[in-house]
There are 2 protein chains.
Amino acid sequence: MVTMRDVAKRAGVSVATVSRVLNDSGYVNEDTRKTVLAAIEEMKFKPNSVARSLFKKQSKTIGLIVPDINNPFFPQLARAVEDVTSESDFTVFLCNSDGKIDKEIRYFDMLQQKYVDGVLVVSNTLKPEHISHYNFPIIALDRPLDSTIPYVTCNNYEGARKATQHLIECGCVRVAHISGPENIANAKDRLKGYEDAVSEVGLYDENLIFPAEYQIESAKQAAFKLLTKYPDIDGVFAGNDVMAIGVIKAAELLGYKVPEQLKVVGFDGIEFGEIISPELTTVSQPIYQMGSTAASMLLDLIEGRPIHQKETTFQVELLVKRSTQT
Amino acid sequence: MVTMRDVAKRAGVSVATVSRVLNDSGYVNEDTRKTVLAAIEEMKFKPNSVARSLFKKQSKTIGLIVPDINNPFFPQLARAVEDVTSESDFTVFLCNSDGKIDKEIRYFDMLQQKYVDGVLVVSNTLKPEHISHYNFPIIALDRPLDSTIPYVTCNNYEGARKATQHLIECGCVRVAHISGPENIANAKDRLKGYEDAVSEVGLYDENLIFPAEYQIESAKQAAFKLLTKYPDIDGVFAGNDVMAIGVIKAAELLGYKVPEQLKVVGFDGIEFGEIISPELTTVSQPIYQMGSTAASMLLDLIEGRPIHQKETTFQVELLVKRSTQT
DNA sequence: TTGTAAGCGTTATCAA
DNA sequence: TTGATAACGCTTACAA
């Protein structure tokens, strides 16, 4: 590996001078500048970021902790984050926590040891006391952690209301909700939105609420049980798109026609909502934008720029497709 | 930040001793060991990986370069890679190249500067001359780069043959192929597999081959044109699952019933093949296993272990679902 | 069994 | 305008 020392020797100057031309810092004679640049070019010298990090105490690197990159929604987020940060020459460490707090903490520690300049995290479990001692900025994505940690999220409550109201407007009178895991904040907000919407029109029935995981299979089973027990259900608001797919599968299995006999709405607006048949009515979040916004905020924090607002809540949009249209 | 120096002072020893207990290297008296350990614990000392990297010239870090994490298939691969490497305390840099060679090279340079210990890359364009000068092991994933670079892939040719033969066995006599981009090696192999299978039974017709991108929309348009021009097509083998979805959408638009009038087969076995309706018959690759195998090989190479074989080609499996069953 | 000190490849301070 | 040189926090000969 060719180092600054080698370049300096070749150019007949000191390492300090090479460093100066490399960083455009301090005075350097135009001629020697050229000589040095030439040497750098000839030797294909690339400065060693590790050495630089050690000195500067920052690494042009950030961490992105998500529950599972494999879960649709997160790839889009990850892509947005990488797009924005790579623009400023940052690299992204990808970490899958499976939503487990011990893994999250392990990653935080590893990232700190690697001198990351900041971390973006999607977590339900982390509390300020777990992370307040880290000496780099942290932004929560998708799910707020706490009022002290800046976050970017979307209006889950409002989206859930809209989704439920839409079902009601479509004529549904027995509207069920397959809800996401109770310990996930956004699932709670969506549940609340659903509850308020059905209550307002006197359609609330606690039997029609059934919790499941954010996964196809889990939602499918939940929907199967629920539909078997209450065959008069005519609309389902699912905790997210993946769950909505599970609901549709269960409905098919039980011989329901979607949307004729059962209308289904999802949440998230993942790209693959469109590929299922019938296409899924959903509450769409601006996923890419959430990722890019969070990434920009993090860069601002890292580079000491003032940040406009600590909390950003994006509005969601009801996307009506076939799964609710008769 | 607390450093070894601080710990050493607290424990009343030298930094060398602290380093020794930290790395279990060299002799160290049991008592002083305990003292040091206690000090580490009390001060919550975490060694600085950057300093360590600088000295050791390795960083416990690898790079993963994919065209686009957003594209299904890659998240599963990424997850596998992260699972395996994190087991050995490695962290993964995620890089999206969009399949562009200049981005790939930029990432390689950045990764080298960051002292990564190795790189896993999915690329069609990279040639040995682009990467032979990097001083870390490289493994090609999904798409072989060249015989000098170890790779992990699957049997695309055989899979395509099986898929096509399956369509023929289902009674299709006009079997088309919407092929992936010609510059992607696996697309070429799949095309070849298709050609051989149709030729063998005298069903080859070059008009029924239509290239498109590995994307829904592109495949949809291609299929639309092809089906309009040759309405007697009764089977389509698509270049991958995402394309197969596009084909199904085009078919729906044109009023074809799948699978009754038109049978469709995909390739990849992405998780979401199951969510579309009709469920997609596909050639399934062991995606997770390919990722984990490549990651293990890379770790072997990094840690100087002998590697069993430079090339690994996984067998694929035809998964028959609704989209070809009448 | 332990400590001293050189070195990993940079940056930045201070003289020259 | 340039060059020595001391950091950055760690590892590892080598000496003690």
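Residue numbers begin at 1 in each chain, while the letters A, B, ... track the order of the sequences. Please read these numbers as outputs of a predicted model, since none were measured by experiment.
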Whole Å only: how far is the [atom1] atom of [X] from the [atom2] atom of [N]?
X	N	atom1	atom2	result
B:Tyr27	D:dC14	OH	P	16 Å
A:Asn48	C:dG7	CG	P	18 Å
B:Lys34	C:dT1	NZ	P	14 Å
A:Arg5	C:dT10	CZ	P	10 Å
A:Lys114	D:dC10	NZ	P	15 Å
A:Met43	C:dG9	CE	P	13 Å
A:Met4	C:dT11	CE	P	6 Å
B:Lys9	C:dG3	NZ	P	14 Å

Among [options], which is the nearest nucleotide to the side chain of [X]?
X	options	answer
A:Phe55	D:dG3, C:dA5, C:dT10	C:dT10
A:Leu54	D:dG9, D:dT11, D:dA13	D:dG9
B:Asn23	D:dA4, D:dT11, C:dT2	D:dT11

[N] phosphate, OP1 or OP2, under 4.0 Å from [X] side-chain N/O:
X	N	value
A:Lys57	D:dG9	yes
A:Thr17	D:dT2	no
A:Ser14	D:dT2	no
B:Arg52	D:dT11	yes
B:Thr32	C:dT2	yes

### Message
For a quick test of reading the model, state the closest non-hydrogen atom pair linking B:Met297 to B:Pro150 and the distance between them.
### Response
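In this case the closest contact between B:Met297 and B:Pro150 is CE-CB, 3.9 Å.
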Could you check whether [X] gets within reach of a base, just the sugar-phosphate, or nothing at all, counting any heavy atom under 4.0 Å?
X	value
B:Val50	nothing
B:Ser19	base
A:Ser49	nothing

#### Entry: Gap separating the CD atom of B:Glu30 from the OG1 atom of B:Thr32, nearest 0.5 angstrom
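Taking CD in B:Glu30 and OG1 in B:Thr32, the distance rounds to 8.0 Å.
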### Task
Tell me which of B:Glu30 and B:Lys56 sits closer to the 5' end of DNA chain C, going by the nucleotide each one is nearest to.
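The answer here is B:Glu30.
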#### Entry: Residue met sooner reading DNA chain C from 5', once A:Leu22 and B:Asn29 are mapped to nucleotides
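Looking at DNA chain C, the more 5' nearest nucleotide goes with B:Asn29.
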### Query
Would A:Asp146 and A:Tyr151 count as having a side-chain donor-acceptor pair, cut-off 3.5 Å?
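There is no such pair (donor and acceptor under 3.5 Å, judged by atom type) between the side chains of A:Asp146 and A:Tyr151.
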### Message
Does either side chain, that of B:Ser49 or that of B:Lys60, offer a donor lying less than 3.5 Å from an acceptor on the other one?
### Response
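Absent: no donor and acceptor within the cut-off.
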### Task
Check the pair A:Tyr288 / B:Asn70 against side chain to side chain donor-acceptor pair (under 3.5 Å), numbers first and verdict last.
CA-CA 11 Å; A:Tyr288 189 93; B:Asn70 218 358; over 6 Å; no
### Task
Evaluate the salt bridge (charged side-chain N to carboxylate O under 4.0 Å, His left out) criterion for residues A:Arg79 and A:Asp83: first the C-alpha distance (whole Å), next the side-chain angles of each, then the deciding distance (0.1 Å), finally the verdict.
CA-CA 6 Å; A:Arg79 177 69 211 234; A:Asp83 281 355; 2.9 Å; yes
